[in-house]
S.K.: 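Pasting in a structure now, in structure tokens, and then I'll have a few things to ask.
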Amino acid sequence: MPELPDVESFRHVLDSHGRGRRIEDVEVNDAGVLRGVTARRLRQALRGRRFRAPGRHGKWLIARTDGPAVLMHFGMTGELVGGPQAEERHPHDRVVFVLDHGRLCYRDQRKLQGIRLADDEAAVERLLADQGPDALDVGRQEFAEAIGVRRGGLKSALIDQSVLAGLGNLLADEILWRSRLHPSRPARELSDDELRRLHGETRRVLRQSVRAGRVPGRPSWLTGHRDDPHPQCPRCGGPLRRGRVAGRSTVWCPQCQPAD
DNA sequence: CGTGTTGTTCAGTT
DNA sequence: TAACTGAACAACAC
């Protein structure tokens, strides 16, 4: 599930349930999600701290406190759930932040990613050093410089977090479809006009997805047809194609997105 | 028992 | 060097 828009909604969960609240305890139910930190150190570093305004970069959620910061990545199935303390424990609640009022659960079925601890802002920077500019607020110039110089295909560039941070498989397909660009088009061959279009659609799709709290599966979106047995293009009505591009399952319209 | 999955990383290769 | 490929990670659905 989690691409940039989902993580943005987790940021809102953290902001509304956690901001200003005191961390009474950190329950680590499954240490398998802790990366580079032990359960003991995590508890000890966070007990008594208060959450501050959270941040986000790409698919990373940055839970800042008046002490260290917690960095969370949600892999493919993770989520952040806020609720009352008394609520029943969910089997996939790997880490629970018990607050002076309510709690926050890092919930994840698979454990492909996890939680890191950053002692200070410099450590946050170090942990995010390999990330490209955030896809939500990247400017046209910076976008063109990041994407337009890549030697490989467009889709591979869009989902590479070191090029642009935040886009995943679904968003990349949606953005390419709206931009009428084939996923395998060499990124370097794009005209200025095509790069501008790609940037514009990236912003448009992201803004709408963030407003919806996720990538919407609306019928007018490509994403709304991914799982149809014989998917049709919502724009031209022609058959959509499925295939593997950049190692990921990819959907595109051969009519609207010609190979070159 | 196979296959596939909205993510990332690493080894090996082109 | 840049970038691609496939496997691995973990857990589940079909």
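Order of the sequence lines fixes the chain letters, A, B, ..., with proteins taken first and strands second; residue numbering starts at 1 for each chain.
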S.K.: Any side-chain N or O of A:Lys59 under 4.0 Å from OP1/OP2 of B:dT8?
M.R.: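 It does, given that an N or O in the side chain of A:Lys59 lies less than 4.0 Å from OP1 or OP2 of B:dT8.
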S.K.: Among the candidates C:dC12, B:dT8, B:dT9, find the nucleotide nearest to the side-chain atoms of A:His92.
M.R.: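 Side chain of A:His92 sits closest to C:dC12.
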S.K.: In whole Å, what is the span from the CG atom of A:Asp108 to the P atom of C:dA10?
M.R.: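 Computing the A:Asp108:CG to C:dA10:P distance gives 12 Å.
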S.K.: NA contact type, A:Thr223, heavy-atom cut-off 4.0 Å: base, sugar-phosphate, or nothing?
M.R.: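 Answer is nothing: A:Thr223 stays at 4.0 Å or more from every strand.
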S.K.: Between the side chain of A:Glu3 and the main-chain N/O of A:Gly168, is any donor-acceptor distance below 3.5 Å?
M.R.: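 Between the backbone of A:Gly168 and the side chain of A:Glu3 there is a qualifying donor-acceptor contact (under 3.5 Å).
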S.K.: What's the CG-C1' distance between A:Asp160 and B:dT8, to the nearest Å?
M.R.: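 Whole-Å distance recorded here is 11 Å.
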S.K.: Any idea which of B:dT8, B:dT9, B:dT6 is nearest the A:Glu3 side chain?
M.R.: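 Closest nucleotide among those given: B:dT6.
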S.K.: Minimum heavy-atom separation for A:Ala135 and A:Leu206, please, with both atom names.
M.R.: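 Shortest heavy-atom contact: O-CD1, 3.3 Å.
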S.K.: Before giving the answer on salt bridge (Lys or Arg N to Asp or Glu O under 4.0 Å), spell out for A:Lys155 and A:Asp173 the whole-Å C-alpha distance, their side-chain angles and the decisive distance to 0.1 Å.
M.R.: CA-CA 8 Å; A:Lys155 172 146 181 181; A:Asp173 283 3; 2.7 Å; yes
S.K.: Given the rule in the side chain to side chain donor-acceptor pair (under 3.5 Å) test, do A:His90 and A:Asp93 qualify, once you have shown the distances and angles that lead to the verdict?
M.R.: CA-CA 5 Å; A:His90 187 282; A:Asp93 284 343; 4.6 Å; no
S.K.: Base, sugar-phosphate, or nothing: which does A:Arg244 touch, judged by heavy atoms less than 4.0 Å apart?
M.R.: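 If one applies the 4.0 Å heavy-atom cut-off, A:Arg244 turns out to touch the sugar-phosphate alone, with no base involved.
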S.K.: Roughly how many Å is it from CE in A:Met72 to P in B:dT8, rounded to a whole number?
M.R.: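 Taking CE of A:Met72 and P of B:dT8, I get 17 Å after rounding.
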S.K.: Between B:dT6, C:dA2, B:dT8, spot the one nearest the side chain of A:Arg151, thanks.
M.R.: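 So the side chain of A:Arg151 is nearest to C:dA2.
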S.K.: May I ask you to evaluate whether A:His73 reaches the phosphate of B:dG7, defined as a side-chain N or O under 4.0 Å from OP1 or OP2?
M.R.: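 Looking at the OP1 and OP2 atoms of B:dG7, neither is under 4.0 Å from any side-chain N or O of A:His73.
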S.K.: Which whole-number value in Å describes the distance from A:Asp227 CG to B:dT6 C1'?
M.R.: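 These atoms are roughly 10 Å apart.
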S.K.: In whole angstrom, what separates A:Leu164's CG from B:dG7's P?
M.R.: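 Taking CG of A:Leu164 and P of B:dG7, I get 14 Å after rounding.
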S.K.: So, A:Gln257 side chain and A:Leu181 main chain: donor-acceptor pair closer than 3.5 Å or not?
M.R.: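 Between the backbone of A:Leu181 and the side chain of A:Gln257 there is a qualifying donor-acceptor contact (under 3.5 Å).
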S.K.: Distance check needed: C:dA10 C1' versus A:Arg35 CZ, whole Å only.
M.R.: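 In whole Å, C:dA10 C1' lies 10 Å from A:Arg35 CZ.
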S.K.: Under 4.0 Å between any heavy atoms, over every strand shown, what does A:Gly153 touch: base, sugar-phosphate, or nothing? Just pick one.
M.R.: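 Touches sugar-phosphate only.
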S.K.: Describe the nucleic acid contact of A:Arg248 in one word from base, sugar-phosphate, nothing, applying a heavy-atom distance below 4.0 Å.
M.R.: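 Contact class for A:Arg248: base.
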S.K.: Using the P atom in both, what is the distance from C:dT1 to B:dT8, to the nearest Å?
M.R.: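 Straight-line distance between the two P atoms is 25 Å.
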S.K.: Taking atom P of C:dA3 as reference, at what distance in whole Å does atom CZ of A:Arg150 sit?
M.R.: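 Distance check: A:Arg150 CZ to C:dA3 P gives 4 Å.
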S.K.: Are OP1 or OP2 of C:dA10 and a side-chain N or O of A:Gln109 less than 4.0 angstrom apart?
M.R.: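 Checking C:dA10 against A:Gln109, no side-chain N or O comes under 4.0 Å of OP1 or OP2.
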S.K.: Just compare C:dC12, B:dT8, B:dT5 and give me whichever is closest to any side-chain atom of A:Ser249.
M.R.: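 Given the options C:dC12, B:dT8, B:dT5, the side chain of A:Ser249 is closest to B:dT5.
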S.K.: Among C:dA11, B:dT6, C:dC4, which nucleotide has an atom closest to any side-chain atom of A:Arg94?
M.R.: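 Of the candidates, C:dA11 comes closest.
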S.K.: Roughly how many Å is it from NE2 in A:His90 to P in C:dA11, rounded to a whole number?
M.R.: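 Between P of C:dA11 and NE2 of A:His90: 14 Å.
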S.K.: Is a donor-acceptor pair below 3.5 Å formed from side chain A:Arg110 to base B:dT5, judging by atom type as modelled?
M.R.: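 Per atom types, the contact qualifies.
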S.K.: Are the ring centres of A:Tyr106 and A:Phe74 closer than 6.0 Å?
M.R.: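 Under 6.0 Å, so yes.
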S.K.: So which nucleotide does B:dC10 pair with, by the Watson-Crick or G-U wobble rule with both distances under 3.5 Å?
M.R.: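 Per the H-bond distance test, C:dG6.
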